[in-house]
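Structure first, then comments.
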Protein chains: 2
Amino acid sequence: MADLTGPPAPLERAGIIAVGSELLTPLKSDTNSLRITDALNQLGIEVVAKAIAGDDRRELAAVVRSMLDRVDLLVLCGGLGPTDDDVTREVVAEVLDRPLAEDGDVAAAVAKRFADRGLEMPRINLRQALVPAGAVVLPNPKGTAPGLWLDLGDRAVVLLPGPPRELIPMLQRVAEEHLAARTGGRTLVRRIVGITGRTESHTDEALGPLYARWASADVRISATILAALGQIELHLSARGPDAGALNGALDRAASDVQAVLGADVFSVDGRGLEAVVGDLLVGRGWWIAVAESCTGGLVAERLTRVPGSSRYLGHGIVAYSNAAKTALLGVPPALIESKGAVSEDVARAMALGVRERSGAEVGVGVTGIAGPGGGTTAKPVGTVAVAVVAGPILRVRTLRLMGEREHVRYQASQAALDVVRRVLQG
Amino acid sequence: MADLTGPPAPLERAGIIAVGSELLTPLKSDTNSLRITDALNQLGIEVVAKAIAGDDRRELAAVVRSMLDRVDLLVLCGGLGPTDDDVTREVVAEVLDRPLAEDGDVAAAVAKRFADRGLEMPRINLRQALVPAGAVVLPNPKGTAPGLWLDLGDRAVVLLPGPPRELIPMLQRVAEEHLAARTGGRTLVRRIVGITGRTESHTDEALGPLYARWASADVRISATILAALGQIELHLSARGPDAGALNGALDRAASDVQAVLGADVFSVDGRGLEAVVGDLLVGRGWWIAVAESCTGGLVAERLTRVPGSSRYLGHGIVAYSNAAKTALLGVPPALIESKGAVSEDVARAMALGVRERSGAEVGVGVTGIAGPGGGTTAKPVGTVAVAVVAGPILRVRTLRLMGEREHVRYQASQAALDVVRRVLQG
């Protein structure tokens with residue numbers, strides 16, 4: 001239909017609806033939409049809204065209607081199964097006023113899937129062969145539920161199955177066979193700048209002049225600031241026809257940020273602090289060894305998340321008890337006695353101890369009170385001492401971290417890695 | 001206002017909107033709504049819809065309007081920060097037609113938070129003191145953004161900050177001080193049964209007869225099986241006026257499951273494997289020590305996530321390199337040479353080594369190939385050897401785990417903890 005009236009309208013603003021009652025419980029979150037967003041972004045289509053709906057027909061119909069008012073591409077995933085709970089097909093057909101009819105090819109394909117496994121097809125599976133008028137069937141080689149593509153001229157609606165192993169290959173085909181021709185030749189490129197040592201609002205204030213410049217530049221750059229645990233993230237994105245030009249503009253924007261924030265920028269390409277530290281170690285050909293008390297292994301665990309970390313991390317010590325601090329790291333009991341296990345002196349002795357015993361160039365010591373118990377007036381929960389020794393440099397910091405046990409631990413690991421980064425960056 | 005017209009209407013159907021442009025990228029998913037759902041479910045309030053919106057005012061306003069047509073409780077989280085991107089407060093005020101005015105108390109509290117840290121308050125933070133007419137301010141002891149409670153009589157709207165450490169305590173106060181009186185006396189109780197050593201479909205098959213019995217019992221119990229990484233979870237829930245009766249019914253249901261699945265049930269109260277192992281160690285008065293290669297500290301990190309874990313974990317060794325396995329654990333180089341670093345013999349030597357050197361009763365050794373590199377035909381990526389020595393018992397297992405590096409590492413930690421659990425349970 002659209003073919004008769006000129007080139008199809010480009011699709012620019014997408015909405016995603018994940019369907020499934022389990023996604024409305026405290027236990028399961030939607031992750032399919034991340035995959036879908038990634039595929040759409042690569043085509044320059046921005047996701048402007050997401051929703052989660054259960055198997056309530058009225059509710060889902062309301063969400064579909066509301067989204068169709070606001071987006072030109074609507075992607076639904078899930079709810080295409082054979083049971084009464086699976087309402088996506090019927091609700092979309094009703095909202096778009098496209099009557100459902102059984103598609104012989106789909107019915108045969110579903111029956112064949114059962115026959116191939118020596119099973120009889122339950123009658124309810126015929127529901128999966130119902131196709132709204134005018135829809136293109138998207139074959140599902142990995143399951144019984146076919147997807148559907150509905151071209152509405154100025155808008156389009158896609159129905160995809162929920163299980164990721166069925167969704168992902170179908171999504172790729174939809175992108176190639178239906179969406180690629182509808183993007184108006186644009187692409188969307190993102191970049192994450194990682195920042196430590198500043199609050200969200202101080203970062204925002206410092207970057208204010210850049211925002212103004214980016215907003216009026218040839219390649220317009222959008223920026224969002226996000227406060228994550230132990231770091232600030234600046235998310236940059238640009239959209240346009242020329243991926244090279246977009247990447248060039250984002251590179252320059254990232255350099256602008258570095259010029260303003262200096263060493264507080266730890267990454268301009270989305271790498272986490274553990275990967276940045278790893279690359280710095282590889283660059284020097286140095287080894288790192290870690291001695292942890294309150295973080296209980298988290299610093300070593302984060303460093304070894306990075307593939308190839310065996311090039312620079314060989315030894316880690318979790319010295320949770322005072323006895324372990326002495327036995328494994330040589331921290332003198334008298335020092336623990338006089339200064340306390342959570343003290344800069346003990347952190348320093350841990351860093352020096354693990355470095356000496358491992359033969360590494362860099363030693364890290366972390367000791368603190370993660371809570372909920374163990375705090376005192378002088379050393380409340382969240383008090384953490386971090387020491388880093390690298391070559392001739394020794395740096396020790398005491399932190400007062402806020403939050404629950406797991407947050408204190410994560411921020412302590414973040415602080416330790418950040419001190420290592422700053423020392424290695426000179 | 002609602003007080004004058006009789007008891008407030010019970011709130012039954014909730015919608016949640018998570019606000020933040022980053023939640024519309026491929027990189028970040030909303031998890032706050034899980035916490036919020038849990039808190040609402042505990043009050044018998046069901047979540048019927050969720051949505052994600054960015055910092056586009058028109059888009060957010062459309063979502064708020066659409067949800068307010070369909071739910072009687074609307075919870076928004078995020079977008080309460082000080083910057084231009086933070087639009088939740090203003091959009092809600094506009095949609096509800098409640099003008100914003102600066103609240104002196106809030107302004108003073110925000111200024112004090114900065115002063116306490118020796119910082120000057122950026123002027124933009126005053127935006128956080130804007131309050132819609134008729135709103136109750138929810139103090140934020142953990143951050144600068146206060147929350148807001150708006151009673152609309154038959155409906156209510158809550159605005160909560162996005163950072164979890166600010167959200168969670170505020171959510172609890174809202175539940176106690178505002179929502180608890182509005183639930184019509186119902187409650188929804190959930191129970192999670194944790195299972196290892198079975199697939200999802202085998203668990204489902206074994207439990208089939210129980211489902212039928214629960215569905216027709218006096219207190220109807222809903223059950224959902226979820227396959228999580230390294231464990232199967234059976235989620236049970238029941239709703240009704242009498243929390244005691246609901247809990248009794250769920251207790252009996254959990255016992256039914258244990259009778260069918262035996263030692264494959266590790267927890268009937270939602271405790272993770274690391275907490276179950278911790279409780280078993282406390283019960284015996286035993287210490288555990290961990291020696292890790294491929295998990296890089298994850299087993300120790302998981303054990304020490306549990307508050308009070310210093311009662312049973314003192315020592316952990318991350319022996320990522322072969323040199324560290326020898327130096328820190330006494331694994332003979334000839335053994336590594338002849339059997340390979342990833343072998344049951346080396347895992348055993350690691351477990352015995354860390355136990356002997358720590359004086360603990362239980363020793364754990366984990367060595368494997370987490371990938372993506374390092375696999376061979378004989379020992380592909382995902383090959384992991386786990387050894388546990390506890391008193392006179394020595395148990396060694398070789399696993400072939402599937403998935404990405406992080407999944408292999410997590411499942412390896414899970415397997416190690418599960419072997420410890422089964423040994424300690426005798």
Side-chain angles (χ1 to χ4, degrees), chain A residues 22 24-31 34 37-38 41 47-54 56 59 62-63 66 69-70 190 200-202 204-205 224-227 235 296-298 300-301 303-305 307 310 313-321 323-324 328 358 372-373 402-407, chain B residues 21-22 24-27 29-31 34 37-38 41 47-56 59 62-63 66 69-70 81-83 85 122 124-125 142 163 165 224 226 235 296-298 300-301 303-305 307-308 310 313-321 323-324 328 358 372-373 405-406:
Chain A
E22 74 282 4
L24 294 173
T25 69
L27 313 159
K28 259 236 142 72
S29 67
D30 149 58
T31 51
L34 303 181
T37 301
D38 191 35
N41 284 177
V47 173
V48 300
K50 298 202 294 190
I52 320 282
D56 177 317
E59 200 38 59
V63 178
S66 167
D69 285 345
R70 290 143 47 207
R190 296 186 188 276
E200 183 181 9
S201 46
H202 283 109
D204 198 49
E205 234 180 343
T224 307
I225 285 198
L226 188 67
H235 291 238
L298 181 57
E301 193 273 312
L303 284 165
T304 59
R305 274 181 209 173
S310 57
L313 188 141
H315 298 63
I317 300 288
V318 179
Y320 213 56
S321 64
L328 300 175
S358 66
M402 312 275 272
E404 308 286 305
R405 179 177 179 83
E406 62 178 296
H407 301 138
Chain B
S21 292
E22 73 284 0
L24 294 173
T25 70
L27 312 161
S29 67
D30 148 59
T31 51
L34 304 181
T37 301
D38 190 36
N41 283 177
V47 173
V48 299
K50 298 202 292 191
I52 320 284
D55 52 20
D56 177 317
E59 200 39 57
V63 179
S66 167
D69 284 344
R70 291 142 48 206
T83 73
D85 296 349
I124 50 168
N125 278 77
K142 307 271 185 178
R165 61 183 215 88
T224 309
L226 286 180
H235 294 246
L298 181 57
E301 193 273 313
L303 283 165
T304 57
R305 274 181 210 175
S310 58
L313 189 141
H315 298 62
I317 300 288
V318 179
Y320 213 57
S321 65
L328 300 176
S358 65
R405 178 178 180 83
E406 62 177 295

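Every value quoted in this text rests on a predicted model; they were computed, and no experiment measured them. Each chain gets a letter, A, B and so on, in the order the sequences are listed, and its residues count up from 1.
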Study note, to complete from the structure: Residue from A:Ala53, A:Gly316, A:Gly297, A:Ala323 scoring the most non-hydrogen pairs under 4.5 Å with chain B is A:Gly316
Check your understanding: At their closest point, which heavy atom of A:Gly403 faces which heavy atom of B:Arg165, and how far apart are they?
Key -> N-NH1, 3.8 Å
**Study point:** A:His235, part contacting chain B, at a heavy-atom distance under 4.5 Å
**Key:** side chain
Review point. Checking heavy atoms, do the side chain of B:Thr25, its backbone, both or neither come under 4.5 Å from chain A?
Key: both
Practice item. Using a cut-off of under 4.5 Å on heavy-atom pairs, state which of B:Gly296, B:Ser29, B:Pro163 scores highest against chain A. Key: B:Gly296
Revision key, fill the gap. CZ of A:Arg405 to OG1 of B:Thr304, rounded to nearest 0.5 Å, is 6.5 Å
Point to revise | Contact summary for B:Val48 and A:Leu24, nearest pair of heavy atoms | key: O-CD1, 3.5 Å
Check your understanding: Of the backbone (N, CA, C, O) and the side chain (C-beta and beyond), which part of B:Ser21 lies under 4.5 Å from a heavy atom of chain A, both, or neither?
Key -> side chain
Review point. Which bit of A:Leu328 comes within less than 4.5 Å of chain B, counting heavy atoms only: side chain, backbone, both or neither?
Key: side chain
Review point. Looking only at heavy atoms, what is the nearest atom pair of B:Pro26 and A:Thr37, with distance?
Key: N-CG2, 3.7 Å
Exercise for review: Show the numbers, then the answer: is there a side-chain contact (heavy atoms from CB on, under 4.5 Å) between B:Val318 and A:Glu301?
Suggested key: CA-CA 9 Å; B:Val318 179; A:Glu301 193 273 312; over 6 Å; no
Revision key, fill the gap. Smallest heavy-atom separation, B:Gly314 atom then A:Ala324 atom, equals O-CB, 3.3 Å
Exercise for review: Sequence neighbours left out, what passes side-chain hydrogen bond (donor to acceptor under 3.5 Å, both in side chains) with B:Glu22? Give chain and number order.
Suggested key: none
Revision key, fill the gap. Residues B:Ala49 and A:Glu59: closest non-hydrogen pair is CB-OE2, 3.5 Å
Revision key, fill the gap. CG of A:Leu298 to CG of B:Leu298, rounded to nearest 0.5 Å, is 9.5 Å
Practice item. Select one option (side chain, backbone, both, neither) describing which atoms of A:Asn41 are under 4.5 Å from chain B's heavy atoms. Key: side chain
Study note, to complete from the structure: Rounding to 0.5 Å, atoms CG (A:Asp204) and OG1 (B:Thr83) come to a distance of 5.0 Å
Point to revise | Largest heavy-atom contact set with chain B, pairs under 4.5 Å, which of A:Arg305, A:Glu200, A:His202 | key: A:Arg305
Check your understanding: Between A:Ile225 and chain B, which part of the residue has a heavy atom less than 4.5 Å away: side chain, backbone, both or neither?
Key -> backbone
Review point. Where is the tightest heavy-atom contact between B:Pro82 and A:Ser201, given as atom of each residue plus distance?
Key: CG-CB, 4.0 Å
Practice item. Using non-hydrogen atoms and a 4.5 Å limit, figure out which bit of B:Leu313 sits close to chain A: side chain, backbone, both or neither. Key: both
Point to revise | Options A:Lys28, A:Met402, A:Glu205, A:Arg70, ranked by heavy-atom pairs under 4.5 Å with chain B, top entry | key: A:Arg70
Point to revise | Engaged part of B:Ile317 at the chain A interface, taking heavy atoms whose separation is under 4.5 Å | key: both
Check your understanding: So which part of A:Asp30 gets closer than 4.5 Å to some heavy atom of chain B, the side chain, the backbone, both or neither?
Key -> backbone
